Amino acid sequence: MTTSNDIVEAAGMPVGAGLIKPGYDPRLTNEDLAPLKKQSWGSYNILAFWMSDVHSVGGYVTAGSLFALGLSSWQVLVSLLAGISIVYFFCNLVAKPSQATGVPYPVICRTVFGVLGANVPAIIRGAIAVAWYGIQTYLASAALDVVVLKLFPSLLPYADVNQYGFLGLPLLGWCSYAVLWVLQAAVFWTGMETIRRFIDFCGPAVYVVMIALSGYLIYKAGWGNINLSLGEVKYTGFDAVPVMLGAIALVVSYFSGPMLNFGDFSRYGKSFTAVKTGNLLGLPVNFLFFSILVVVTSSLTIPVFGELITDPVTTVARIDSTFAIVLGALTFTIATIGINIVANFISPAFDFSNVSPQRISWRAGGMIAAVGSVLITPWNLYNNPDVIHYTLETLGAFIGPLFGVLIADYYLVKKQHVVIDDLFTMKPEGAYFYRKGYNPPAIIATAIGAVVAMVPVLWSGGPGMHTTAQYSWFIGMGLGFVSYLALVRK
């Protein structure tokens, strides 16, 4: 007989989506962390997730920056394809355990870190997501400012931080940030099904605007002005190899966050085949097409506007049509909201809920992240290039080991076998209780990987350290992977 305690609401999904068994310990369980009863996402939903992740102002600028590294266009495309293929491969690896068990990333981490030790990766990933949530909200609010100022030029003084500023942000910026903050929270609060429908719309909507924008610029400049190199080719032969490797590392670093906690989404996949197909379409295929569209659009800004513009909102703002500006800027704003929710809102929601399941629900965890994103004043972080530089590399240094340890344990130590019920028990005989709920080898391996990977980041002035820091994710991941295997097989 099924009771009301058995069927619960999981992560904002309809009743019946999650299943809590009577033996589950309340210190490890709530309705949001429990295994899903029904997994219904198909390949398109996963494709839409990646489109939302890629089709943003940040994704646009990242793709454009690859074509401005001084490489020829074919070298950039090879680097881009290599980087995104690495992301695709690793996403499939991290997707499988959560899809097979129906639990989110912090819960699957209990298999390797212990039922209590899983809070270590949860807090690390959650804290990183909070910072990026604030930065992406700020970027979206900047796009919204473009629309507001175009429609109401008299508000220009309120966009001046020196006239009407507080904590480094002008009054108009505060208003735009507040609007987007509330809008994102509202979408999140309605639950995972609404988020799924929202991201199903966001990614394709950006394609429509991007293709229309490219068409407009081609009409203005002519097909002959399309150039797949956004700058002078500086590197040829073997000299290009280090630059290409750096470009590959940049692509992997950009996706390292969503890649780590992709289990938060793959858990909804109706089959692993559906997830893999969605990943294939959403990563190599989609990212390659989007990047080519970006470089075509960017290259045409030179003949049309007389300068290279790599920010899509700025490009849209230069068009002599209020309707086009409003439509374009709003679309990129919505797209940035999409990536923010999927990459930086859902992750800390599960992560913080995992820390104290009975006190912090999935929604409460998300709101903790939202409030924290304001307190760090992200516009001040984003305005400092050095901070952005360190943030990306520090991100890789800490996320890499977490990834390496999880993959080593699931595939090589546990041989893809998970005892789902033991993920939710504090009994000493449970498979994941280890030493009082913690697995020392996992924590030690994570620390080794992170500390060593941070050396070139902090010692950037050392010989070769500046270049080495680009590979912080790979260093951390490799050391975490190897260290963990060495420690458990002693």
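Numbers here simply count residues along the sequence, with the first being 1. Model, not experiment: these values are computed from the prediction.
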As an exercise, state the distance from [atom1] of [X] to [atom2] of [Y], rounded to the nearest 0.5 Å.
X: Lys96; Y: Cys91; atom1: NZ; atom2: SG; result: 15.5 Å
X: Ile292; Y: Phe287; atom1: CD1; atom2: CZ; result: 11.0 Å
X: Gln99; Y: Thr101; atom1: CD; atom2: OG1; result: 8.5 Å
X: Thr446; Y: Ile399; atom1: OG1; atom2: CD1; result: 12.5 Å
X: Cys109; Y: Leu402; atom1: SG; atom2: CG; result: 7.0 Å
X: Ser271; Y: Gln39; atom1: OG; atom2: CD; result: 9.5 Å

I want to know whether Phe255 and Trp473 have ring centres closer than 6.0 Å.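 No.
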Do Tyr24 and Asp421 meet the criterion of a side-chain donor-acceptor pair at a distance under 3.5 Å? yes
With distance as the sole criterion, is a donor-acceptor pair present between the side chains of Asn45 and Tyr268 under 3.5 Å?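 Looking only at side-chain atoms, Tyr268 and Asn45 do not form any donor-acceptor pair under 3.5 Å.
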With a 4.5 Å heavy-atom cut-off, do [X] and [Y] have their side chains touching?
X: Phe272; Y: Lys276; answer: yes
X: Val187; Y: Ile195; answer: yes
X: Tyr254; Y: Leu395; answer: no
X: Pro35; Y: Ile20; answer: no
X: Phe352; Y: Val130; answer: yes
X: Ile84; Y: Leu288; answer: no
X: Thr29; Y: Pro357; answer: no
X: Phe49; Y: Asp200; answer: no

Distance-only donor-acceptor pairs under 3.5 Å for side chains of residues 111-125, two or more places apart:
| from | atom 1 | to | atom 2 | distance (Å) |
| --- | --- | --- | --- | --- |
| Thr111 | OG1 | Ile108 | O | 2.7 |
| Asn119 | OD1 | Asn354 | ND2 | 3.0 |
| Asn119 | ND2 | Leu116 | O | 3.4 |
| Arg125 | NE | Gly257 | O | 3.4 |
| Arg125 | NE | Asn261 | OD1 | 2.9 |
| Arg125 | NH2 | Gly257 | O | 3.3 |
| Arg125 | NH2 | Asn261 | OD1 | 2.8 |
| Arg125 | NH2 | Ala343 | O | 3.2 |

Just wondering, are more than 12 heavy atoms of other shown residues or ligands nearer than 6.0 Å to [atom1] in [X]?
X: Lys270; atom1: NZ; value: no
X: Phe89; atom1: CZ; value: no
X: Tyr207; atom1: OH; value: yes

Which atom of Leu412 lies closest to which atom of Phe481, heavy atoms considered: CD1-CZ, 3.5 Å
Heavy-atom nearest pair, Ala442 first then Val405, reads CB-CG1, 3.9 Å
Scan Trp41, Trp50, Tyr105 and name whichever one has a side chain to side chain contact (heavy atoms under 4.5 Å, CB included) with Phe265.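 When side chain to side chain contact (heavy atoms under 4.5 Å, CB included) is applied between Phe265 and each of Trp41, Trp50, Tyr105, only Trp41 qualifies.
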Would you be so kind as to tabulate the donor-acceptor pairs closer than 3.5 Å made by side chains of residues 175-186, with sequence neighbours excluded?
| from | atom 1 | to | atom 2 | distance (Å) |
| --- | --- | --- | --- | --- |
| Ser176 | OG | Asp145 | OD1 | 2.4 |
| Ser176 | OG | Leu172 | O | 3.1 |
| Tyr177 | OH | Ser373 | O | 3.4 |
| Trp181 | NE1 | Ala370 | O | 2.9 |
| Gln184 | OE1 | Asn340 | ND2 | 2.9 |
| Gln184 | NE2 | Tyr133 | OH | 3.3 |
| Gln184 | NE2 | Thr137 | OG1 | 3.1 |
| Gln184 | NE2 | Leu180 | O | 3.3 |

